[in-house]
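Take a look at the structure set out below.
Counting begins at 1 with the first residue of the sequence. All ligand and atom numbering here is 1-based and tracks the order in the structure. Owing to the predicted nature of the structure, the values given are computational and were not obtained by experimental measurement.
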Amino acid sequence: MMTKNILYLIGFRGCGKTTLGKMLAQRLQWAFVDTDVLVEEKAGCSIASMVQQHGWDFFRQAESEALHNIGTKPAVVATGGGIVLRQENCEYMRQQGFVYFLSVPASILHDRLYADPKQEQRPALTELSPLQEIENLLQERLPAYLSTAHAAIDATQCIETVADEMYMQYVTIRKHAEKLA
Ligand code: S3P
């Protein structure tokens, strides 16, 4: 597991996967990949319009395919918040590399997401109020996030601190894993 150079970041919308992923990729001198971007590039349209035209199942299928087509070159992969909804994706990520869960409580996710101008491009996931939607979905997805991840980090701290901690932790684990390999 740890001899493979792929680091997956999982967690809810707004937990910092993209920002932290780019920071870690830079430190490790690895590529940065975002499954949402892969899906949008392949489809030639935004996720919002994809979901509007073809529905969520269609998007989930495209997301799974994007994940499986990333390849094996060293990369930090920011995943979509719902990537863990398919068990096969969870198994694949655990097997291919090291999976990090970025933990942020619902109220903070809500504040971050609604301060983010990109929010308009994110399709609503349910008919509930934004905070209720986040609370319910986070509760529902938490078991999958936790059982898929090899490690979790409190991602409410300042972004540089989180990136430092993740980097140090990953480098330390790798060092031990290489000795055992
Ligand atoms: C989703 C999160 C989004 C995107 C899609 C569905 C989800 O990704 O994949 O809109 O189900 O939580 P981000 O977590 O990168 O916003």
Side-chain angles (χ1 to χ4, degrees), residues 6-25 31-70 75-93 97 99-149 152-156 159 162-163 166:
I6 301 198
L7 195 52
Y8 298 96
L9 307 187
I10 62 169
F12 207 81
R13 284 173 171 178
C15 69
K17 291 166 293 190
T18 304
T19 314
L20 282 162
K22 286 183 179 163
M23 291 167 86
L24 284 172
F32 170 73
V33 179
D34 185 323
T35 58
D36 286 344
V37 173
L38 293 181
V39 168
E40 289 183 331
E41 279 175 0
K42 179 135 194 253
C45 67
S46 70
I47 292 173
S49 70
M50 189 175 196
V51 170
Q52 206 176 17
Q53 283 180 49
H54 305 288
W56 277 107
D57 273 358
F58 186 89
F59 165 70
R60 295 290 173 215
Q61 184 58 35
E63 180 178 51
S64 257
E65 282 166 18
L67 178 71
H68 286 74
N69 286 334
I70 287 171
V76 180
V77 181
T79 60
I83 200 104
V84 295
L85 294 175
R86 289 197 170 187
Q87 181 61 26
E88 80 210 47
N89 294 344
C90 301
E91 284 161 15
Y92 181 79
M93 290 189 289
V99 188
Y100 242 122
F101 169 52
L102 307 184
S103 168
V104 175
S107 58
I108 297 181
L109 289 172
H110 174 264
D111 293 349
R112 283 189 191 172
L113 281 171
Y114 287 86
D116 177 358
K118 258 182 48 206
Q119 171 57 24
E120 292 142 38
Q121 295 162 21
R122 290 178 155 115
L125 298 164
T126 65
E127 317 244 284
L128 299 167
S129 76
L131 182 59
Q132 264 301 317
E133 173 178 289
I134 296 169
E135 279 173 351
N136 287 13
L137 287 178
L138 187 59
Q139 191 69 15
E140 214 174 278
R141 292 177 180 179
L142 209 49
Y145 286 141
L146 292 173
S147 62
T148 304
I153 185 130
D154 172 2
T156 59
I159 200 96
V162 183
M166 288 173 80

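- Of all heavy-atom pairs between L102 and G16, the closest is CD1-C, 3.8 Å.
- For W56, no nitrogen or oxygen atom sits less than 3.5 Å from a nitrogen or oxygen atom of ligand 1, counting backbone and side chain alike.
- Considering K17, R60, R13 only, the shortest heavy-atom separation from atom 11 (O) of ligand 1 involves R60.
- Every atom of ligand 1 is numbered from 1 in the order shown, and the set under 4.0 Å from a heavy atom of D36 is 3 (C), 4 (C), 8 (O), 9 (O), 13 (P), 15 (O).
- At a cut-off of 3.5 Å, with distance as the only test, no side-chain donor of D154 or S103 sits close to an acceptor on the other residue.
- Between I47 and ligand 1, not a single N/O pair is under 3.5 Å apart.
- If you check the side chains of Q87 and E91, you find a donor sitting under 3.5 Å from an acceptor.
- Across all their heavy atoms, G81 and Y145 have their closest contact at O-OH, 2.5 Å.
- Between L38 and I70 there is a side-chain heavy-atom pair separated by less than 4.5 Å.
- Closest to atom 12 (O) of ligand 1, if we only count protein heavy atoms, is R141 NH1, 2.7 Å.
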